[in-house]
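Inspection log for the structure reproduced underneath, given as structure tokens.
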Amino acid sequence: MEQVTLMEVKDDGQTLVLIDGKELHVDPRAITTAIRWLPSTLLEISETDTDPLFDLRVKVHGTNEEIRASWRLSV
């Protein structure tokens with residue numbers, strides 16, 4: 001598990017930008033949850049094998065609120 005700080009939610013909740021510049025692509029079923037997250041929120045990211053497309057579990061530290069996502073590749 002990796003703990004990171006959220007810097008920005010963009011693209012109407014489709015993308016999470018982390019403080020280190022990495023980006024996560026949010027599972028479309030979880031956009032309504034992710035769009036409410038605020039900058040500076042501490043997130044816990046871990047790998048999961050329950051979904052081949054969205055292979056990361058992203059959880060707000062200290063809560064039960066979580067979504068599925070995948071790393072957004074740079075172009």
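Bear in mind the structure is a predicted one, so any value in this text is a computation, not a measurement.
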Item to check | Cluster overlap V17 with W71, hydrophobic side-chain contacts below 4.5 Å | outcome: no
Next on the checklist: Any non-hydrogen side-chain atom of L43 less than 4.5 Å from a side-chain atom of V60?
Outcome noted: yes
Checklist entry - Partners of Q14 by side chain to side chain donor-acceptor pair (under 3.5 Å), sequence neighbours excluded? => result none
Next on the checklist: Is any side-chain heavy atom of R36 closer than 4.5 Å to one of E65?
Outcome noted: yes
Next on the checklist: Minimum heavy-atom separation for A69 and V58, please, with both atom names.
Outcome noted: CB-CG2, 4.0 Å
Next on the checklist: How long is the straight-line distance from CG of D11 back to CZ of R72, given to the nearest 0.5 Å?
Outcome noted: 6.0 Å
Next on the checklist: What's the separation between atom OG1 in T48 and atom CZ in R68, rounded to the nearest 0.5 Å?
Outcome noted: 5.0 Å
Item to check | Rounded distance [0.5 Å steps], CG in L38 versus CD in E8 | outcome: 13.0 Å
Next on the checklist: Tell me if the CG atom of D20 is crowded by more than 12 foreign heavy atoms within 6.0 Å.
Outcome noted: yes
Checklist entry - To the nearest 0.5 Å, how far apart are NE2 in H25 and CG in L56? => result 11.5 Å
Checklist entry - What are the two closest non-hydrogen atoms of G13 and I35, and how far apart are they? => result N-CD1, 3.9 Å
Checklist outcome for this item: Partner of F54 under side chain to side chain contact (heavy atoms under 4.5 Å, CB included), picked from V26, L24, D27, is D27
Checklist entry - Between atom CE of M7 and atom CD of E23, what is the distance when rounded to the nearest 0.5 Å? => result 8.0 Å
Checklist outcome for this item: Distance col, row K10:NZ vs L16:CG, nearest 0.5 angstrom, shows 10.5 Å
Checklist entry - Any link between I45 and L42 through a network of hydrophobic side chains (Ile, Leu, Val, Met, Phe, Trp, Tyr) touching at under 4.5 Å? => result no
Item to check | salt bridge (charged side-chain N to carboxylate O under 4.0 Å, His left out) partners of D51, counting only residues at least two apart | outcome: R29
Checklist entry - Are more than 12 heavy atoms from other residues, nucleotides or ligands located less than 6.0 Å from atom CD of Q3? => result yes
